[in-house]
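Input: a single structure, listed below in structure tokens.
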2 protein chains.
Amino acid sequence: MKRSYEELTKELKMKNIRLSHQRLKVLEYLTIHMDHPTVDQIYNGLHKEIPTLSKTTVYSTLSALADAGLVRIINIEDNEARYDIRVADHGHFKCESCGTIYDFQANIDSLTTVDLKRFDIKDKNLYFKGCCPTCLVGKNEASLSK
Amino acid sequence: MKRSYEELTKELKMKNIRLSHQRLKVLEYLTIHMDHPTVDQIYNGLHKEIPTLSKTTVYSTLSALADAGLVRIINIEDNEARYDIRVADHGHFKCESCGTIYDFQANIDSLTTVDLKRFDIKDKNLYFKGCCPTCLVGKNEASLSK
DNA sequence: TTATTATGTTGTAATGATTACAATATTGAT
DNA sequence: ATCAATATTGTAATCATTACAACATAATAA
């Protein structure tokens with residue numbers, strides 16, 4: 001999923017988004033870190049390389065990229081947005097124990113119902129919550145040792 | 001969907017939730033107002049009847065009811081949670097123009113994928129965004145009059 | 001290249017939903 | 001009626017996100 005600086009430049013141009021070092025770097029960060037990072041993680045990750053980077057810029061860049069359809073904003077919990085470079089149809093599973101967000105295949109389009117016949121649907125989101133296999137192992141061990 | 005105070009009392013007892021006037025009233029409010037209200041709307045709606053009501057109580061009550069599975073928290077936008085008394089499987093459509101949240105039928109269980117075979121799924125959420133029929137009419141009229 | 005204009009970036013300060021907490025009140029059980 | 005556990009209340013804190021104004025940079029045309 002990692003793409004070169006040049007490829008990313010082309011993607012932004014195609015979407016008519018003005019080029020800037022910051023925007024390219026945010027986009028690049030998302031292609032490398034596909035674990036649905038928070039704004040803070042993106043900011044901290046890029047801060048070393050771009051010491052003048054402002055968190056406001058990260059927010060406005062992500063908002064611009066999302067508007068252009070290059071990035072998807074994930075709102076699962078109400079306390080912190082996550083960002084995903086994968087814009088194709090898929091679901092998210094958030095483990096309530098470790099906080100990890102997993103991607104999973106899902107044909108969301110198959111769900112479209114008659115209830116929404118006259119609605120203009122722009123964005124479809126599917127997310128599950130629960131406990132991931134890794135954390136389930138930990139829980140089982142904990143209950144066995146009681 | 002409206003239920004009597006006595007019926008709601010039974011529901012709370014069945015879930016082993018301690019009874020209080022505030023909790024019953026919050027629950028009752030949700031059975032009457034099924035338009036996915038915010039905490040502020042619930043608080044303001046009940047404030048007349050219960051002048052001593054605190055917003056903290058509304059939060060903690062909703063949290064307790066959600067834990068018991070009597071209420072569903074809807075996080076579509078990141079800025080404000082909405083609450084829904086309908087806990088059965090269904091999707092939400094949020095109109096980005098007027099802000100209304102519509103319910104729609106959807107068999108979310110049919111989506112379960114192999115990717116999540118070993119996951120313990122506790123909660124499934126589906127939401128779409130876009131423009132509702134009412135607002136679409138307004139937009140068409142606006143573009144015609146240009 | 002240079003000048004011009006539009007747009008992006010930055011830092012600080014505000015916003016606003018949600019939570020923490022301690023004092024008080026109420027519930028449920030004995 | 002008493003008592004322990006839990007709920008309510010009000011205030012203050014938290015913290016992600018946004019507003020804004022000064023400044024910097026990118027795109028465009030000469």
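Within every chain, numbering begins at 1; the chains are lettered A, B, ... in the order of the sequence lines, protein sequences first and strands thereafter. Since we're looking at a predicted model, the values are computed, not measured.
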Exercise. Think B/T52 has a side-chain N or O under 4.0 angstrom from the OP1 or OP2 of D/dT9?
Worked result: yes

Exercise. Side-chain N or O of B/T57 less than 4.0 angstrom from OP1 or OP2 on D/dT9?
Worked result: yes

Problem set entry | Ring center gap for B/F104 and B/F128 short of 6.0 angstrom | yes

Problem set entry | Cluster check A/L27, A/V39: I/L/V/M/F/W/Y, side chain < 4.5 angstrom | yes

Seminar exercise, completed: Quick note, A/L19 side chain, CB onward, closest among D/dT8, D/dA27, C/dC21 is D/dA27

Seminar exercise, completed: By nearest-heavy-atom nucleotide on DNA chain D, the more 5' of B/P51 and B/R23 is B/R23

For this session: Round to the nearest Å and state the distance from A/N79 atom CG to C/dT19 atom P.
Result: 8 Å

For this session: State whether the distance check finds a donor on one side and an acceptor on the other, under 3.5 Å, for side chain B/R18 versus base D/dA5.
Result: yes

For this session: Take atom CD of B/E77 and atom P of D/dA16, then tell me their distance rounded to the nearest Å.
Result: 19 Å

Exercise. For B/S20 and D/dA7, is the shortest distance between a side-chain N/O and OP1 or OP2 below 4.0 Å?
Worked result: no

Exercise. Just how far, in rounded Å, is C1' of C/dA25 from NE2 of B/H21?
Worked result: 15 Å

Exercise. Where the side chain of B/E80 is defined as all heavy atoms beyond and including C-beta, which of C/dT9, D/dT11, C/dA17 is the nearest nucleotide?
Worked result: C/dA17

Exercise. C/dA25 P sits how many Å from B/L53 CG, rounded?
Worked result: 17 Å

Exercise. Given D/dG10, D/dA19, D/dT17, which nucleotide is nearest the side-chain atoms of A/T56?
Worked result: D/dA19

Exercise. So what does A/D40 hit on the nucleic acid, given a heavy-atom distance under 4.0 Å: a base, only sugar-phosphate, or nothing?
Worked result: nothing

For this session: Would you tell me if any nitrogen or oxygen in the side chain of A/Q22 comes within less than 4.0 Å of OP1 or OP2 on C/dT10?
Result: yes

For this session: Report yes if a side-chain nitrogen or oxygen of B/Y59 is closer than 4.0 Å to either non-bridging phosphate oxygen (OP1 or OP2) of C/dT19; otherwise report no.
Result: no

Problem set entry | Single hit among B/L62, B/V26, B/T38, B/V58 for side chain to side chain contact (heavy atoms under 4.5 Å, CB included) with B/Y83 | B/L62

Exercise. So, does B/R3 use its side chain to make a donor-acceptor pair with the main chain of B/T31 at under 3.5 Å?
Worked result: no

For this session: Check the distance between C/dA25's P and B/I50's CD1 and give it to me in whole angstrom.
Result: 18 Å

For this session: Please report the C-alpha distance between B/I76 and B/R82 in whole Å, then the side-chain angles of each, then the deciding distance to 0.1 Å, and finally whether the side-chain contact (heavy atoms from CB on, under 4.5 Å) criterion is met.
Result: CA-CA 8 Å; B/I76 296 189; B/R82 308 273 208 119; over 6 Å; no

Exercise. Within this structure, what is the OH-to-P distance between A/Y43 and D/dC15, rounded to whole angstrom?
Worked result: 17 Å

For this session: Verify side-chain contact (heavy atoms from CB on, under 4.5 Å) between A/N125 and A/R72, making sure each step is shown before the conclusion.
Result: CA-CA 10 Å; A/N125 294 275; A/R72 173 180 280 265; 3.1 Å; yes

For this session: Classify the nucleic acid contact of A/A64 as base, sugar-phosphate or nothing, counting any heavy atom under 4.0 Å across all strands shown.
Result: nothing

For this session: Using atom NZ of B/K15 as one end and atom P of D/dT6 as the other, report the distance to the nearest whole Å.
Result: 20 Å

Seminar exercise, completed: Comparing nearest nucleotides in DNA chain C, the 5'-proximal residue of the pair A/S54, B/N75 is A/S54

For this session: Take the protein atom CG of A/L46 and the nucleotide atom P of C/dT10, then report the distance between them rounded to whole Å.
Result: 11 Å

